[in-house]
Amino acid sequence: MATAYIFTLQPTFTQGLILGQASILLLLFLVLKYLFFDADPNRPYRKASYQPKVEPSTDANGFTSGGADPVKVDGSTRDEDAESSEWLNVFLQQVLDAYRVKLRNGLAGAEGDEVARQRVEDFANKMRPTGFLDYIKVHSVDMGTSAPRLSRARIRRSLAPSADPEIEYDMNYIDSVSISISTSVLFNYPFPSFARLPVSLTISLSLFSSSVRLTPPNPHSPHPTITFTLPAPHSDFTLDIKTTSLMGSRAKLEDVPKLHELILNQIRRAILEKGTWKVVLPGLSSVSEVQEDVKTERKLAEEAFHS
């Protein structure tokens, strides 16, 4: 019986097919490795030649912003135009302004921008997955100047006599909040530090619109809390985000649509998963007790979902 040989001195169809496939894979590997990936292990971080940057504008107080504030809290609102929640909008504006000033360490201009940028960079690198992303370099941060505005306050009363009333608001946040970063995606296969894919990215938020549900504390609850739910149950939200990206080392891919979809989906998922906040009432409960209540509620919800 004749023996079939894969490799012989005389070229065969099978041998040519295998060599052709191997050469295509080798060519693809070389293109990815030397055009897009950065495989130098001695450089933990290298900036891409393209660095997206947000051009800031300076307000009257010397603080920078990338967009105009559509609503100014200057006391010029006419009585006939004011809403019942206007006091809360003024309060939210002052709270966010206080956080912005503290994040800049009370400094104005470029010096305050650098303090805010460094703090955001430190936080980003503290939270990053070290096995997946290289050091994150934050180039610029625009914290905006506006604040969420609440309107159309309405009380939702349940038909159950023992249920507490709930208040719903319509929330609109129109601003220019952005961050510009550079990092590298790490490839640790087939061996550690096999290659790096440099990525430069700018994320800009211009609109966030949603309904918000405020649940007052239940006087008969063992651990009374004020609950904020965003978005309100059985409702959706609008998220207007713009991303500009650049991927690659020598050859570069600009504004990849799939990357925009990935970022948008991750942000939407984070809002849906972490869109409920409970405020502990001083003297009536502790944070640890409320955390245990939240764990119990999630466990019961999972059991009811699987049953």
In one Ile/Leu/Val/Met/Phe/Trp/Tyr side-chain cluster, 4.5 Å: [X], [Y]:
X: I179; Y: V185; value: yes
X: L205; Y: L96; value: no
X: W87; Y: M171; value: yes
X: L150; Y: F228; value: yes
X: L214; Y: V290; value: no

Exercise for the section: Apply the side-chain hydrogen bond (donor to acceptor under 3.5 Å, both in side chains) test between T202 and each candidate in S182, S140, S178, S180; give the one that qualifies. Expected result: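 Of S182, S140, S178, S180, side-chain hydrogen bond (donor to acceptor under 3.5 Å, both in side chains) with T202 is met by S180 alone.
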
Exercise for the section: Decide yes or no on side chain to side chain contact (heavy atoms under 4.5 Å, CB included) for V199 and L246, but give the supporting numbers first. Expected result: CA-CA 6 Å; V199 178; L246 199 65; over 6 Å; no

Measuring from [X]:[atom1] to [Y]:[atom2], what's the distance to the nearest 0.5 Å?
X: L239; Y: F208; atom1: CG; atom2: CZ; answer: 6.5 Å
X: S200; Y: K137; atom1: OG; atom2: NZ; answer: 12.5 Å
X: I267; Y: I203; atom1: CD1; atom2: CD1; answer: 5.5 Å
X: E114; Y: R104; atom1: CD; atom2: CZ; answer: 11.0 Å
X: E292; Y: S285; atom1: CD; atom2: OG; answer: 13.0 Å

Taking the side chain from [X] and the backbone from [Y], do they hold a donor-acceptor pair closer than 3.5 Å?
X: R196; Y: L186; value: no
X: E121; Y: I181; value: no
X: D255; Y: S245; value: yes
X: D142; Y: G144; value: yes
X: D175; Y: S146; value: yes
X: S235; Y: P231; value: no

If you look only at distance, which donor and acceptor atoms sit under 3.5 Å apart when one is on a side chain in residues 270-282 and the other is two or more places apart or in another chain?
unit_1	atom_1	unit_2	atom_2	d
K278	NZ	T227	OG1	3.3

Exercise for the section: Evaluate side chain to side chain donor-acceptor pair (under 3.5 Å) for S209 paired with N172, printing each intermediate quantity in order. Expected result: CA-CA 4 Å; S209 178; N172 288 283; 2.9 Å; yes

Problem - Pair R268-D236, salt bridge (charged side-chain N to carboxylate O under 4.0 Å, His left out): steps then yes or no - result: CA-CA 10 Å; R268 291 185 64 90; D236 199 2; 3.1 Å; yes

Problem - Closest non-hydrogen atom pair between L103 and R119, with its separation - result: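 Answer, listing the atom of L103 first, then R119: O-NH1, 3.3 Å.
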
Practice task
Kindly give the heavy-atom pair with the smallest separation between I226 and P217, and that separation in Å.
Solution key: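 Minimum heavy-atom separation between I226 and P217: CG1-CD, 3.8 Å.
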
Can you tell whether the side chains of [X] and [Y] come within less than 4.0 Å, N to carboxylate O?
X: D122; Y: R117; answer: no
X: R149; Y: D170; answer: no
X: E168; Y: R156; answer: yes
X: R100; Y: D97; answer: yes

Exercise for the section: Carefully, step by step, assess Q266 and L264 under the rule side chain to side chain contact (heavy atoms under 4.5 Å, CB included). Expected result: CA-CA 5 Å; Q266 289 293 329; L264 182 61; over 6 Å; no

Problem - L201 vs I263, side chain to side chain contact (heavy atoms under 4.5 Å, CB included): CA-CA, chis, key distance, verdict - result: CA-CA 11 Å; L201 180 67; I263 294 173; 3.5 Å; yes

Exercise for the section: Flag this pair as yes if the NZ/CZ of R154 is under 6.0 angstrom from the six-membered ring centre of Y169 and inside a 45 degree cone about the axis; otherwise no. Expected result: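 Cation-pi check for R154 and Y169: fails.
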
Problem - From CA spacing to verdict: side chain to side chain contact (heavy atoms under 4.5 Å, CB included), R298, T296 - result: CA-CA 5 Å; R298 290 178 178 176; T296 303; over 6 Å; no

Problem - Heavy-atom side-chain contact between Y135 and T183 under 4.5 Å - result: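 The answer is no; the side chains never approach within 4.5 Å.
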
